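Below, all heavy atoms of this structure are taken into account, side chains as well, without hydrogens, waters or symmetry copies. Each ligand, and each atom within it, is numbered from 1 in the order the structure gives. These figures come from a predicted structure and were not determined experimentally.
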Amino acid sequence: MFNALTTATTKPPVWSSYTAEILWADNHIAQQMLAFHLNPEVGLASRSFAFVDASVDWLVSELGLDSRSQTIDFGCGPGLYTQRLKAKGIGTVVGLDFSKNSLNYASQQAQLAQLDIEYHLGNYLDYHDTRQFDLISLIMCDFCALNPSQRATLLSKFKTLLAPDGVIALDVYTQSRFDKQTESTTLAKNAMNGFWSEQDYWCIQSAFNYTAELVTLDRYVISQTDRQWEVYNWLQHFTLEMLQHELAAQGLEIRAKYSDLCGAPFAPNDEMAVLIGHKAL
Ligand SMILES: C[S@@+](CC[C@H](N)C(=O)[O-])C[C@H]1O[C@@H](n2cnc3c(N)ncnc32)[C@H](O)[C@@H]1O
């Protein structure tokens, strides 16, 4: 028992494991996540519907998007942004996600509303397309869940997919959020109201901070009668300089910074949002 608990609560090396697909693609967990996405009161998987409405309105007017524009949303989930973009008459709207459950929902909604939206199921790190887009979006701080080499891969993909005057819109967690995080370990039966499984389980949850890297980890070790499995939820937090540095390495630069993707003025906060373009020569 001592050894098992020690192993389950040890702080692993930073970015040592990537389990995002379990979180988003496991059938039971995917259903729980979809319910979170679609609950306008809960800001856990998506933001409130009022926020999404305001965000799409702002992006369309700020970027002058219209029936000739091409947009692509990385990690589109149930299509909250893609659906609204297409309903506003945007020409080409593409959504990418590896959650089958969320994409099924998104496609059904598009069909019901007779909106011609293109959805692709798969890992967006492997996505290829020869088109160039006026707007590439990655919303709800999903960039923060990727390790440094995945972020470099994604940004270089964005670089080739971005039209000459196109814009990448993304939001990230900041150092101010990191500074508030505390380390802890808890044990609970059927933790988070049965979120992890329909069957009984014990969950050991450990929260770790990696101060030098501004990374946090929520490590979940889930023990059931027949198996034990783990989920690692890493989050990179950024200073403006860190983000600028990662973008510059891929020939990209920040055009404008905000507090959120509704265009709220930039202020020191737990999140920030940026509009990114090709780096000027
Ligand atoms: C926090 S949710 C945000 C969803 C949506 N952007 C929103 O704000 O409503 C992240 C989404 O990204 C998807 N996702 C995460 N990593 C992915 C990857 N590597 N490839 C494809 N989809 C991914 C998840 O399935 C999930 O739907």
query: Any salt bridge between E230 and R219, counting N to O under 4.0 Å?
result: yes
Below the 3.5 angstrom mark, is there an N/O of S102, backbone or side chain, next to an N/O of ligand 1?
no
| task | Inspect the contact between K86 and E118 and indicate whether a charged nitrogen and a carboxylate oxygen are less than 4.0 angstrom apart. | result | no
A student checking ligand 1 against Y81 at a 4.0 Å heavy-atom cut-off should list atoms 7 (C), 8 (O), 9 (O)
Aromatic ring proximity, centroids under 6.0 angstrom, Y18 and W234: no
Quick look: D142 vs ligand 1, heavy-atom contacts under 4.0 Å, and the answer is side chain
Heavy-atom proximity to atom 16 (N) of ligand 1, picking from F98, F51, F36, F143, points to F98
In ligand 1, the atoms that come under 4.0 Å of a heavy atom of Y18 are 19 (N)
The atoms of ligand 1 lying under 4.0 Å from a heavy atom of G77, numbered in the order shown, are 27 (O)
Counting from 1 in the order shown, the ligand 1 atoms closer than 4.0 Å to a non-hydrogen atom of G122 are 20 (N), 21 (C)
Exercise for review: Salt-bridge test for D270 and K180: reply yes if a basic N is under 4.0 Å from a carboxylate O, no otherwise.
Suggested key: yes
message = So for ligand 1, is R47 a polar contact partner (N or O within less than 3.5 Å, distance only)?
response = no
**Report entry** Aromatic ring proximity, centroids under 6.0 angstrom, W58 and F51
**Finding:** no
Yes or no: does P78 have any heavy atom under 4.0 Å from an atom of ligand 1?
no
Original post:
Would you call K88 and D57 a salt bridge, using N to O less than 4.0 angstrom?
Top reply: yes
| field | Carboxylate-amine/guanidinium proximity below 4.0 Å for R47 and D53 | value | no
Margin query: Measuring centre to centre across the rings, with the benzene-like ring taken for any Trp, is F143 within less than 6.0 Å of F74?
Written below: no
- Is there a nitrogen or oxygen of L125 sitting under 3.5 Å from a nitrogen or oxygen of ligand 1? no
Original post:
Would you say ligand 1 has an N or O under 3.5 Å from any N or O of D73?
Top reply: no
